[in-house]
Amino acid sequence: MSKFLKGTFILLIAGLVTRVLGFIYRIVLARSIGEEGVGLYMMAYPTFILVVTITQLGLPVAISKNIAEAEARKDYAEIKKILVVSLATTILLSIIITPALILLAPMLSETLFTDKRTYYPLVAIAPALPIIAISSVLRGYFQGRQNMRPSALSQIFEQVVRITLIAVVTKTFLPYGVEYAAAAAMGASVLGELVSLIYLLTTFKLKKRFKLRKDFFQFVHKGKRTFNDLMKIALPTLGSRMIGSVSWFFEPIVVVHSLAIAGVLAVEATKQYGALTGYAMPLLMLPSFVTFSLATSLVPAISEANTQKNYKLIEYRLQQALRLTFLTGGLAVIVLYVLADPLMQLMYGSTKGAYFIRLMAPFFLFYYYQGPLQAVLQALNLARAAMINSLIGAVIKTAVIFFLASQESFGITGAALGIIVGFVLVTVLHFATVLKKITFAIYVLDYAKGFLVMGISGWLGYWLFAHTLLHESLAIRVLSSSGVMGISYVILLYIFGLIRREELQRIPWIGKLL
């Protein structure tokens, strides 16, 4: 099995485990601090992602790409230089940005978010910045060498620690106020990041081919060319991520102010935003572990193929990624759409958020495509084009949110529609940009078959849930219905020729059974 498939499979398994653990974390969080607490948490979280994006400076993708190219040339001195320059850059930035976030927290909470209680989660998450700065560089190094195991395991360790701590810390601080409980949840994330970093450092020390500390500052001093090479990829990547992060940062601000115009009180706006982004969105984004795994593996794989001028391999890798995205994303869409209400009831003890899932699920196929397409653009030195596409999508999304959410007839539904418009537009623009660079076939008949399979499997799951399991517990009904949808989906894919025996044989463990 190729490095690409092996790396993707490792990330898929780890991504599934991580997303499930992350979802358990969300469920425990929602049940511990309620809709209002989740709203406070989710209002502060985009600010944290924004400052993390600035601290990383777009380097993880650049490190992965440049190390993959240096590895292809057997240039190990350049690999060390990439690592040293990247670590020096991100550590310096984190030293500047961490105290800045703490100092700006009062202004952000009182002026922009209109809820001064967000101050506590903002301050609690600040210590994670230098930890994430170092971790991101090490993950980029391992991914560039197409060794996905350390990156995958570190994410699992992080989630395990967060889940282990979350119930205890929120229960301890909740009597002091919901804002302190939300801050404690952020603190659990910091400790999770710390354990992840310790594992990455230990693995790096065992597997490295050189002494990193030896002549560290000398390498920094001589690393101007390496820094410039990294910035050619990092800055456009940073631009794309900054656009997404800034857009997400302003999203809760625009939503609460728009809802205020529509006559919704601040506390109620916090609850509604919590239902959308804390309840519905994590479930909708759960299947994106597949696209994240593909995107992470695609950057070094396509960069290596591009260095070798192997354009047939580039097209083949892209076709693999888009096909896997469609097939896995299709199953996720039908399960979420059909079982939106019972899933919400099981997980959160409330059906709040189910409406948003039914509204948004059919369009999330576009979102699942976005990661692999952006990774291909970055690997083909088209990160600037990806940045422009992201900027267009972010501006349109924010405008739609403000226009619709400020109208009483739409309210929070307008925010959901704005989010849909944003990611659909970005995905379409990414796809058009890729088509300009490389030509590849689009198998329309296969997509038509895929939608037919989705429709049949979704109907079977709905019929089973609604008619034959009425006297069973809700958990059994949900598991049975989703199981029938999954099994029928795979069987129908095989019958319609959308998955083939030889492809199944290449999957570890399953292939041996076949």
Side-chain angles (χ1 to χ4, degrees), residues 39 42-51 53-54 108 111-115 118 236-266 268-278 280-282 284-285 288 353 355-371 373-374 377 383-433:
M42 292 307 299
M43 280 187 172
Y45 196 70
T47 305
F48 169 64
I49 295 300
L50 174 61
V51 292
T53 302
I54 297 169
L108 290 170
T111 307
L112 295 180
F113 295 117
T114 68
D115 193 330
T118 54
T237 303
L238 171 67
S240 294
R241 292 190 175 174
M242 275 294 292
I243 289 163
S245 299
V246 169
S247 172
W248 197 19
F249 168 75
F250 280 111
E251 186 181 294
I253 298 168
V254 173
V255 168
V256 294
H257 283 279
S258 300
L259 291 176
I261 294 171
V264 180
L265 297 174
E268 184 60 28
T270 300
K271 289 182 179 180
Q272 290 183 9
Y273 189 71
L276 172 60
T277 60
M281 289 293 286
L284 288 163
M285 295 176 75
S288 64
Y355 164 73
F356 298 120
I357 290 175
R358 285 193 299 273
L359 174 67
M360 302 173 79
F363 300 96
F364 254 76
L365 267 176
F366 288 92
Y367 177 81
Y368 303 144
Y369 272 121
Q370 195 173 119
L373 289 172
Q374 182 153 324
L377 291 173
R384 185 173 177 272
M387 178 185 72
I388 294 169
N389 294 344
S390 299
L391 176 61
I392 294 169
V395 171
I396 298 296
K397 179 190 84 168
T398 306
V400 172
I401 288 175
F402 182 77
F403 177 73
L404 295 180
S406 59
Q407 297 184 39
E408 191 176 347
S409 56
F410 282 96
I412 193 67
T413 302
L417 291 172
I419 292 169
I420 290 170
V421 169
F423 65 66
V424 169
L425 180 59
V426 171
T427 301
V428 170
L429 291 172
H430 280 354
F431 192 74
T433 308

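Under the 4.5 Å side-chain criterion, counting only non-hydrogen atoms from C-beta, Thr427 is not in contact with Asn389. Inter-residue side-chain proximity for Lys397 and Val421 is flagged as unmet; no heavy-atom pair is nearer than 4.5 Å. Two residues are said to be in side-chain contact when any heavy atoms from C-beta on lie closer than 4.5 Å; Phe366 and Tyr369 fail this criterion. Using a 4.5 Å heavy-atom threshold, the side chains of Leu108 and Thr118 count as separate. At least one side-chain heavy atom of Leu417 sits less than 4.5 Å from a side-chain heavy atom of Leu359. The side-chain heavy atoms of Ile401 and Glu251, taken from C-beta on, include a pair separated by under 4.5 Å.
With rounding to the nearest 0.5 Å, the separation of CE in Met281 from CD1 in Ile357 is 10.5 Å. Here Leu425 contributes atom CG and Ile420 contributes atom CD1; the two are 13.5 Å apart, rounded to the nearest 0.5 Å. With values rounded to the nearest 0.5 angstrom, Phe363 atom CZ is found 13.0 Å from Tyr368 atom OH. Interatomic distance, Leu404 CG to Ile412 CD1, rounded to the nearest 0.5 Å: 11.5 Å. For the atom pair CD1 of Ile392 and CD1 of Ile388, the computed distance is 7.0 Å after rounding to the nearest 0.5 Å. Rounded to the nearest 0.5 angstrom, Phe356 CZ and Leu284 CG are separated by 11.0 Å.
Sparse packing is recorded around CZ of Phe402, with 12 or fewer heavy atoms of other residues, nucleotides or ligands lying under 6.0 Å away.
The two atoms that bring Ile49 and Thr53 nearest to each other are O-OG1, 2.7 Å, heavy atoms only. The heavy-atom pair separating Gly393 from Val426 by the smallest distance is CA-CG2, 3.6 Å. When all heavy atoms are compared, the tightest approach of Leu259 to Ala405 is CD2-O, 3.9 Å. The two atoms that bring Ser406 and Ile261 nearest to each other are O-CG2, 3.9 Å, heavy atoms only.
A distance-only check finds a donor-acceptor pair linking the side chain of Gln407 to the backbone of Phe403 [under 3.5 Å]. Between the Gln374 side chain and the His430 main chain, no donor and acceptor come within less than 3.5 Å of each other.
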Working for side chain to side chain contact (heavy atoms under 4.5 Å, CB included), residues Met387 and Leu377: CA-CA 10 Å; Met387 178 185 72; Leu377 291 173; over 6 Å; no
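Checked against the 6.0 Å centroid criterion, the rings of Phe364 and Tyr367 qualify as a close aromatic pair.
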